[in-house]
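Basis for what follows: all heavy atoms, side chains included, without hydrogens, waters or symmetry-related copies.
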Amino acid sequence: MTGKVILIIAVIIAVCLLGIFVLIYTRKNISLANVSKSEEEAKKIVEEAQKDAESKKKEAILEAKEEVHRLRADFDKESRERRNEIQRLERRVLQKEETLDKKTMAIEKKEETLQKKQQDVETLESGIQELYNSVREELQRVAGLTSEEAKQILLDEVKREIKHETAIMIKEVESKAKEEADKKAREIITYAIQRCAADHVAESTVHVVSLPNDEMKGRIIGREGRNIRALETLTGVDLIIDDTPEAVILSAFDPIRREVAKIALEKLIVDGRIHPARIEEMVEKAKKDVENDIREEGEQATFETGIHGLHVEIIRLLGRLKYRTSYGQNVLKHSIEVSYLAGLMASELGIDPTLAKRCGLLHDIGKAVDHEVEGPHALIGAEIAKKCHESPIVVNAIGAHHGDMEYQSLEAVLVQAADAISAARPGARRETLEAYIKRLEKLEEIANSYECVEKSYAIQAGREIRIMIKPEDVDDAGAIEVARDIVKKIEDELEYPGQIKVNVIRETRAVEYAK
């Protein structure tokens with residue numbers, strides 16, 4: 001019995017040992033398989049890592065090459081820009097040298113001309129003396145005149161012949177003396193003018209147009225100045241291009257012309273295409289824009305004052321008053337102010353305030369066209385109101401507010417009082433501007449009195465008048481005669497400081513279209 005137990009135990013032990021051996025062998029095979037699998041996975045990971053590294057390496061090389069190309073392109077671009085800038089500066093230096101040479105030649109030519117004229121004067125004096133002697137002898141022989149009588153006749157004849165030429169020579173000599181005056185004296189005069197006139201004329205006759213850069217000045221001037229000449233001719237406005245950085249100054253006594261030039265120039269700057277044909281197109285567009293603004297301003301004035309039922313032409317003339325000043329006071333604002341004052345006084349007196357406001361708003365309507373129609377602005381305005389079917393009370397109030405007509409209603413008296421109140425408040429008016437504008441208008445009026453003159457513009461603060469004549473009526477030689485006649489008429493009828501340049505332009509255009 002004991003032996004069977006021992007045998008059983010031995011069998012059990014053997015079976016356990018065999019199981020353990022089988023388990024160990026199985027685990028060893030599994031471990032070897034796992035190791036082999038891990039090695040394969042590791043090998044795959046290494047291969048993928050190598051592929052990724054190669055790919056990133058290639059990408060890095062491509063990025064580096066692109067960066068090199070970009071840096072090289074930036075360098076080339078910067079080099080080109082610097083070369084262009086250097087070339088532009090060289091051109092400016094050459095232009096300044098050419099301008100200086102031209103000015104030097106002009107001065108030399110003026111000196112030669114002055115010397116020649118002095119010689120001509122000496123020759124003329126000797127000729128006059130000979131003529132005097134011969135005429136005196138002839139008069140004494142034929143008419144039996146005394147020596148004193150013959151002398152007086154001869155002097156009168158000589159005065160008629162040389163009076164105009166002498167005046168021209170005197171003005172030329174004075175002009176040369178002023179140009180050669182001391183620099184400090186010119187600076188003192190300039191500062192005095194700026195301090196005295198800046199608050200009067202400058203703010204009412206000048207616009208400043210900002211430029212994106214100083215290179216735009218050259219484009220505005222154009223080749224040989226053709227762009228700036230076209231703009232000045234089409235608008236009648238003087239363009240002042242000086243050393244002021246990124247700015248062009250527009251100068252003209254007519255504010256509507258100046259506004260047209262300002263809008264046209266701003267449009268040209270934005271558009272970038274600046275040439276005579278484009279300038280003409282933009283000026284026409286600017287004129288239309290100004291007309292639209294005039295209509296809107298007239299409608300806004302009627303809305304502010306509560307006046308309705310006005311004729312379309314009167315609304316347009318009201319809008320034009322925005323660009324008109326009287327002694328430095330804006331006429332449209334002044335008319336609105338007079339309308340309010342007349343309405344308030346009418347309310348206090350117990351009469352119709354709306355009618356009084358209507359009279360006050362329209363009292364200066366004649367100033368919108370007084371440079372185009374002869375006569376006082378009050379009578380011009382009364383005639384306009386009558387043609388536009390305004391009531392007789394309104395017509396009389398407009399015509400009587402300066403005493404040009406008899407008062408026929410209480411509203412007329414109120415309008416005159418309101419006009420005086422608005423004009424009398426401190427700072428409302430400055431008389432020098434009105435006198436300045438009247439002088440320029442008189443200058444244009446003299447030029448326009450000739451039938452061959454198509455249009456004229458007073459520019460350079462009245463120091464120059466630019467006159468366009470009809471080419472079919474006057475030839476080139478006739479243009480010179482017209483210029484001389486206008487000069488004589490200006491000298492006889494107008495008082496002015498310094499000298500006035502009369503620039504007569506005869507231009508013929510031929511336009512065809514290629515189809």
Side-chain angles (χ1 to χ4, degrees), residues 80-81 83-99 102 206-252 254-293 453-460 464-472 476 479 501 503-515:
R80 286 196 301 270
E81 290 178 352
R83 284 197 299 271
N84 293 335
E85 182 66 19
I86 291 171
Q87 291 175 358
R88 188 179 66 81
L89 293 175
E90 289 177 351
R91 288 196 296 270
R92 288 187 63 185
V93 170
L94 290 174
Q95 289 176 355
K96 288 184 178 180
E97 290 179 354
E98 292 176 357
T99 303
K102 290 180 181 178
V206 170
H207 268 327
V208 178
V209 178
S210 299
L211 303 179
N213 51 61
D214 284 335
E215 293 181 0
M216 186 61 69
K217 291 183 179 179
R219 297 179 63 186
I220 293 173
I221 295 172
R223 183 179 299 174
E224 299 178 355
R226 63 175 188 172
N227 291 343
I228 191 172
R229 285 200 304 271
L231 192 56
E232 288 180 345
T233 301
L234 290 169
T235 61
V237 173
D238 187 33
L239 269 73
I240 303 173
I241 300 179
D242 53 16
D243 294 332
T244 306
E246 299 181 355
V248 171
I249 300 173
L250 305 178
S251 177
D254 189 332
I256 295 180
R257 293 182 197 162
R258 193 170 64 249
E259 185 69 16
V260 169
K262 174 176 177 289
I263 294 173
L265 185 57
E266 289 176 345
K267 287 180 179 290
L268 287 168
I269 292 171
V270 173
D271 182 69
R273 295 173 292 174
I274 304 177
H275 51 82
R278 190 66 175 170
I279 290 171
E280 191 169 359
E281 180 182 350
M282 287 301 181
V283 168
E284 290 300 322
K285 290 182 179 179
K287 288 180 179 178
K288 292 180 181 178
D289 292 343
V290 171
E291 285 296 327
N292 291 334
D293 184 60
V453 174
E454 185 175 5
K455 53 186 176 180
S456 63
Y457 302 108
I459 60 176
Q460 293 280 10
E464 178 181 352
I465 180 167
R466 189 163 296 172
I467 303 168
M468 270 63 75
I469 62 175
K470 301 174 183 177
E472 63 274 9
D476 291 341
K501 177 182 178 182
N503 189 1
V504 176
I505 300 172
R506 180 178 181 269
E507 182 181 37
T508 303
R509 294 188 182 186
V511 180
E512 292 291 341
Y513 295 94
K515 298 179 180 178

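Here the NZ-NZ distance, from K267 to K262, works out to 11.0 Å after rounding to the nearest 0.5 Å. Taking OG1 of T99 as the start and CD of Q95 as the end, the distance is 7.0 Å to the nearest 0.5 Å. Separation of atoms CD1 (I263) and CE (M282) is listed at 12.0 Å; rounding is to 0.5 Å. To the nearest 0.5 Å, atoms NZ (K287) and CD1 (I256) are separated by 11.5 Å. In this structure, CD1 in I240 is found 8.5 Å from CG in L250, a value given to the nearest 0.5 Å. From I274, atom CD1 reaches atom CD1 of I269 across 6.5 Å, with rounding to the nearest 0.5 Å.
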### Message
For L268 and R278: C-alpha separation, side-chain torsions, deciding distance, then whether side chain to side chain contact (heavy atoms under 4.5 Å, CB included) applies.
### Response
CA-CA 8 Å; L268 287 168; R278 190 66 175 170; 3.8 Å; yes

### Query
Given I279 and N227, is the side chain to side chain contact (heavy atoms under 4.5 Å, CB included) satisfied, shown in steps?
CA-CA 8 Å; I279 290 171; N227 291 343; 3.9 Å; yes

### Task
Dump the intermediate steps for salt bridge (Lys or Arg N to Asp or Glu O under 4.0 Å) on K288 and E284, then the final yes or no.
CA-CA 6 Å; K288 292 180 181 178; E284 290 300 322; over 6 Å; no

### Task
Might you work through the side chain to side chain contact (heavy atoms under 4.5 Å, CB included) test for I467 and N503, ending with a clear yes or no?
CA-CA 6 Å; I467 303 168; N503 189 1; over 6 Å; no

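In this structure the side chain of V290 reaches within 4.5 angstrom of the side chain of E259, judged on heavy atoms.
Using a cut-off of 4.0 Å between Lys/Arg side-chain N and Asp/Glu carboxylate O, E98 and K102 are scored as not salt-bridged. Salt bridge R466/E464: present, at least one basic N to carboxylate O contact under 4.0 Å.
Put simply, the side chain of D293 never gets that close to the backbone of D289: no donor and acceptor are under 3.5 Å apart. The backbone N or O of L239 sits less than 3.5 Å from a side-chain atom of E232, completing a donor-acceptor pair. Side-chain N or O atoms of R506 include none that pairs as donor or acceptor with a backbone N or O of I469 at under 3.5 Å.
Counting heavy atoms of neighbouring residues, nucleotides and ligands inside a 6.0 Å radius, atom NZ of K470 exceeds 12 of them. Within 6.0 Å of CZ on R226 lie more than 12 heavy atoms contributed by other residues, nucleotides or ligands.
Of all heavy-atom pairs spanning A264 and A286, the tightest one is N-CB, 3.7 Å. Minimum interatomic distance between L231 and T235 (heavy atoms only, all atoms of both residues): O-OG1, 2.6 Å.
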